[in-house]
Amino acid sequence: MNPRNSLLVGLVTFLVLIGMLLYFEEFTPGGGTIPAIGGPFSLEASDGSTVTDATYRDKWQLIYFGYTLCPDACPTALNEIAGALEVLGPLAAKVQPIFITVDPQRDTAKVMGDYVKAFDPRIVGLTGTPDQIAAAAREFRVYYAKAPDKDAPDGYLMDHSSIIYVMRPGDGRFVATFTQETTSAQMAERLRKFIANS
Amino acid sequence: MTRMMMLTVAALAFIAPAVAQTATAPIAVSDAWARATPKGATTGAAYVTVSNHGAGADRLVGASTPVADKAQLHTMIDDNGVMKMRPVAGIELTPGAKVALKPGGYHVMLMGLKQPLAAGQSFPLTLTFEKAGTIETTVKIAKAGAMSGTDMGGMNMDMGKH
């Protein structure tokens with residue numbers, strides 16, 4: 001390799017490293033940068049009232065996007081969340097789980113309210129207009145799309161990101177994610193630590 | 001060959017495979033369970049374990065139940081955190097295979113539930129196999145979001161997993 005080439009390789013490596021640093025900096029919880037996940041939203045609660053990202057700021061928010069016709073992934077995630085609330089006991093009062101639909105066409109406010117109650121009455125179910133849902137999903141980098149299925153009700157199922165976001169109280173900043181593989185006990189343990197250190 | 005003998009041979013040829021199949025019971029269905037569904041829900045999922053004790057391969061190709069308009073074999077694909085539920089034409093059962101339909105993988109998707117599935121109750125489910133024909137089983141209903149058929153309520157059963 002001649003000196004000119006090695007200089008070029010060095011420069012490229014340097015730029016890639018800087019890029020990586022900037023990329024990961026964005027995801028560092030509590031870092032000095034603007035939070036990359038989460039942001040303003042305005043949605044409809046099951047009683048028909050309008051709620052925003054500021055409504056639940058006094059608590060640790062667990063935010064999960066899904067839909068009620070989902071027979072597998074969503075019940076798993078909501079069940080783990082409900083289990084975590086049980087494990088937390090009285091500390092659960094500091095946690096607000098929020099289930100946001102990605103299927104506003106079928107999930108009305110009432111459908112959402114009935115659905116979350118089957119898991120735990122402390123979970124809130126939110127819906128909205130297609131635009132409101134799209135805006136909220138964008139803030140959380142949640143992907144969703146209709147998947148045509150001729151046998152499904154109305155001819156479609158939903159593909160969607162299955163991630164539980166943990167947002168801290170006060171500024172509502174993103175601090176961690178759970179997946180549907182995270183058990184109730186693991187969720188409760190991490191939440192307990194977050195609460196203790198806050 | 002007399003006419004009588006011919007008839008007997010024909011009859012035996014017809015019956016023999018059926019008898020052989022019953023005797024070896026190549027496909028066994030066990031641990032059938034479903035999650036209770038929330039009020040108003042029209043879809044649900046049933047899970048079952050299927051074992052192939054036979055010498056030949058078979059395939060689970062369909063399901064039906066009186067509690068839903070349709071029962072379809074589905075799989076969940078985890079595409080970088082995006083969950084995609086897709087119908088599958090069949091589930092392969094190689095000789096000796098034991099396939100558990102469970103949350104996060106294969107399930108029998110119940111569409112058009114005639115009434116919500118209530119925890120503690122049960123319902124019949126008929127599975128159709130390419131070679132073994134149909135087998136009926138009883139599905140026990142566990143709580144909403146249960147992770148197994150024995151997860152009947154209260155604290156989550158996965159406490160010891162971490």
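What you see is a predicted model, and the numbers here were worked out from it, not measured in a lab. Within every chain, numbering begins at 1; the chains are lettered A, B, ... in the order of the sequence lines, protein sequences first and strands thereafter.
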- Given a strict heavy-atom distance threshold of 4.5 Å, which part of A:Asp149 is in contact with chain B: side chain, backbone, both, or neither? side chain
- Item | Toward chain A, the part of B:Ala41 with a non-hydrogen atom under 4.5 Å | neither
- Residue part contacting chain B, namely of A:Ala82, when any heavy atom lies under 4.5 Å: neither
- Side-chain donor/acceptor of B:Thr65 to backbone N/O of B:Ala68, under 3.5 Å: no
- With a 4.0 Å cut-off, would you call A:Asp114 and B:Lys39 a salt bridge? yes
- Task: Sort A:Phe119 into side chain, backbone, both or neither according to what part of it lies under 4.5 angstrom from a heavy atom of chain B.
- Result: side chain
- Query: Looking only at atom types and distance, does a side-chain atom of A:Ser162 sit under 3.5 Å from a main-chain N or O of B:Gly81, one as donor and one as acceptor?
  - Reply: no
- Query: Does the ring centre of A:Phe99 sit less than 6.0 Å away from the ring centre of A:Tyr115?
  - Reply: yes
- Item | pair A:Leu91-A:Arg192: side-chain heavy atoms closer than 4.5 Å | yes
- Message: What part of A:Leu157 gets within 4.5 angstrom of chain B, counting heavy atoms only: side chain, backbone, both, or neither?
- Response: side chain
- When the 4.5 angstrom heavy-atom criterion is applied to A:Thr179 and chain B, the contacting part is neither
- Query: Most heavy-atom pairs under 4.5 angstrom with chain A, which of B:Ala45, B:Ala36, B:Ala144?
  - Reply: B:Ala144
- Note: vs chain A, highest number of non-hydrogen pairs under 4.5 angstrom among B:Met83, B:Met85, B:Met109 is B:Met83
- With no hydrogens and no angle check, do the side chains of A:Arg141 and A:Tyr165 hold a donor and an acceptor under 3.5 Å apart? no
- Message: I'd like to know which of B:Arg86, B:Lys84, B:His74, B:Arg35 tops the heavy-atom pair count under 4.5 Å against chain A.
- Response: B:Arg35
